[in-house]
Protein chains: 2
Amino acid sequence: MLLAREEAIVAAVNRLLAEKGFDAMTVDAVAAEVGIAKASLYKHFRSKEELAAAAMIRVLDRALAQIDLLGADAGADPVAQLRAMTRWTMQLQLAGEMPSLPAQNSALRTALTSNKVYLDRLMLVSERLGEWIRAGQLSGRLDPGVPPEVVLYTMFARACDPVLNILKASANFSDEQIVEILLSTCFDGLHGRSQANAVRAIRAS
Amino acid sequence: MLLAREEAIVAAVNRLLAEKGFDAMTVDAVAAEVGIAKASLYKHFRSKEELAAAAMIRVLDRALAQIDLLGADAGADPVAQLRAMTRWTMQLQLAGEMPSLPAQNSALRTALTSNKVYLDRLMLVSERLGEWIRAGQLSGRLDPGVPPEVVLYTMFARACDPVLNILKASANFSDEQIVEILLSTCFDGLHGRSQANAVRAIRAS
DNA sequence: GTCTATACACAGATAGAC
DNA sequence: GTCTATCTGTGTATAGAC
């Protein structure tokens, strides 16, 4: 019962973080969404920052589950797997389920960098993706000139890419189109997929 | 004298927006940095949002000046010009002079979308870059499959790319290296510049 | 147009009864 | 553990004298 209640709290936090962001999310709003008193929240979590950390841990766990799913196929192409994870991330954002935290809030940063569980999950995700990145660079399908951690951070950054929300707000593209366009700009660059395809075709011949 | 005072105010706002972001920037801090009383600020600007808008107008004017500089060379390659503007943007951020606004603050959004001067400058920048984008796509050096506005937004997004600050904080790369790496991932993608260069070499032969 | 002092609102966190 | 009621700090904005 306690765990179910806490899951309901974290789910509400997750949704509100996605909709409003950390600064604009109020603890009152969380309490209202869960349907309990604000003071009751503080019996489960000691601060607003801890609420946010719990939401981040939850989403990292979902990411790990997705990684496991993709990793089950032993013969899969690592770059295709990285692309699939980036797609998953964007779809989560489009669905309004990706919590967004400010990069500059120092109280929040302190809370996160001293949260063992959060750091542990973050490292797990990084290591799993790191293996695919290394394999992709060895095969030459990822630019070996880009440091592996830059590839990792670039993928993480897709989770909060403002371009996605701008395109959604413009209402000129379907969600599927947005995802495909941004996957293209991320992996193939603005210079274009035509060039990457051309190289692939030439190498294949 | 009045204009000089207001320029000092906006410069302080610009710096604090770059350092802390809009939410964490307090009007008290602005007043302290300028060295005047808070109430005096409100004689020049009617709200915190108006302060932020003034800072954004200022940076858009700097961008327009840079565009003019690059546009003076009539025979220049449009894609090289777009790349140069993206580089300029990143260097501004690395120098701590790029104001950062939250995408989700609605009071701020309202103030900006009803600010004629701001909208005018934003449209000017967009149109100037838009011409280069169109030319780049016609020449085939920019992927014609990516909608022009997506190219534009993607470039704008480089101004607040979190990857840049993460790399700077990691202290593994010089500022110049960071800029070159991110230019590569932006224009050539994670698949790599080697492919784009290969295509260029093949086409040239 | 600059100052000191203050009004006002809001949000994070807690007290204490049940 | 849940509630109501409250404390406390902080930040935007203003009043009013000079």
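Nothing here was measured: the structure is a model prediction, and the numbers come from that model. Values reported hereafter were calculated over all heavy atoms of this structure, with side chains retained and with hydrogens, waters and symmetry mates removed. Each chain gets a letter, A, B and so on, in the order its sequence line appears, and its residues count up from 1.
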(Q) Using the salt bridge (Lys or Arg N to Asp or Glu O under 4.0 Å) criterion, which residues pair with Glu6(B)? Sequence neighbours excluded. (A) none

Q. With sequence neighbours left out, which residue pairs that include part of residues 145-189 of chain B fulfil the ring pair (Phe, Tyr, Trp, His ring centres under 6.0 Å) condition?
A. His191(A)-Phe187(B)

(Q) Need one value for Met25(A): base, sugar-phosphate or nothing, where a base atom within 4.0 Å counts as base even if backbone is also close, heavy atoms only. (A) sugar-phosphate

For residues 34-43 of chain B, which side-chain donor-acceptor pairs fall under 3.5 Å, sequence neighbours excluded?
from     : atom 1 : to       : atom 2 : distance (Å)
Lys38(B) : NZ     : Asp28(B) : OD1    : 3.3
Lys38(B) : NZ     : Asp28(B) : OD2    : 3.3

Q.
If the condition is side-chain hydrogen bond (donor to acceptor under 3.5 Å, both in side chains), which residues does Gln81(B) pass it with, not counting sequence neighbours?
A. Trp132(B)

Q | Any residue of residues 40-48 of chain B with a heavy atom less than 4.0 Å from an atom of DNA chain D | A | Tyr42(B), Ser47(B), Lys48(B)

Q: Would you check, one step at a time, whether the test side-chain contact (heavy atoms from CB on, under 4.5 Å) holds for Leu60(B) with Leu124(B)?
A: CA-CA 9 Å; Leu60(B) 285 173; Leu124(B) 272 177; over 6 Å; no

**Q.** Residues forming a salt bridge (Lys or Arg N to Asp or Glu O under 4.0 Å) with Arg87(B), sequence neighbours excluded
**A.** Glu180(B)

Q.
Please enumerate all residues that pass salt bridge (Lys or Arg N to Asp or Glu O under 4.0 Å) together with Arg62(A), with sequence neighbours excluded.
A. Glu97(A)

Q: Using atom NZ of Lys38(A) as one end and atom C1' of dG12(C) as the other, report the distance to the nearest whole Å.
A: 6 Å

Q. Of Ala39(A) and Ala39(B), whose nearest nucleotide on DNA chain D comes first from the 5' end?
A. Ala39(A)

**Q.** Residues Asp161(A) and Arg158(A) bridged, charged N to O under 4.0 Å
**A.** yes

Q | Backbone N/O of Thr26(B) and side chain of Lys20(B): donor-acceptor pair under 3.5 Å | A | no

Q: Check side-chain hydrogen bond (donor to acceptor under 3.5 Å, both in side chains) between Asp68(A) and all other residues, then give those that pass, not counting sequence neighbours.
A: Arg128(A)

Q. Which nucleotide span of DNA chain D, 5' end to 3' end, has atoms closer than 4.0 Å to non-hydrogen atoms of chain B?
A. dG11(D) to dA15(D)

(Q) Run the salt bridge (Lys or Arg N to Asp or Glu O under 4.0 Å) test against Glu33(A) and tell me which residues pass, sequence neighbours left out. (A) Arg15(A)

Q | Any residue of residues 12-24 of chain A with a heavy atom less than 4.0 Å from an atom of DNA chain C | A | none

Q: Strictly below 4.0 Å, heavy-atom distances to any atom of DNA chain D: list the hits from residues 99-112 of chain A, or just say none.
A: none

Q: Please tell me if the side chains of Asp23(A) and Asn105(B) come closer than 4.5 Å, counting only heavy atoms from C-beta onward.
A: no

**Q.** Member of Val27(A), Val13(A), Val10(A), Val30(A) meeting the side chain to side chain contact (heavy atoms under 4.5 Å, CB included) criterion with Phe45(A)
**A.** Val10(A)

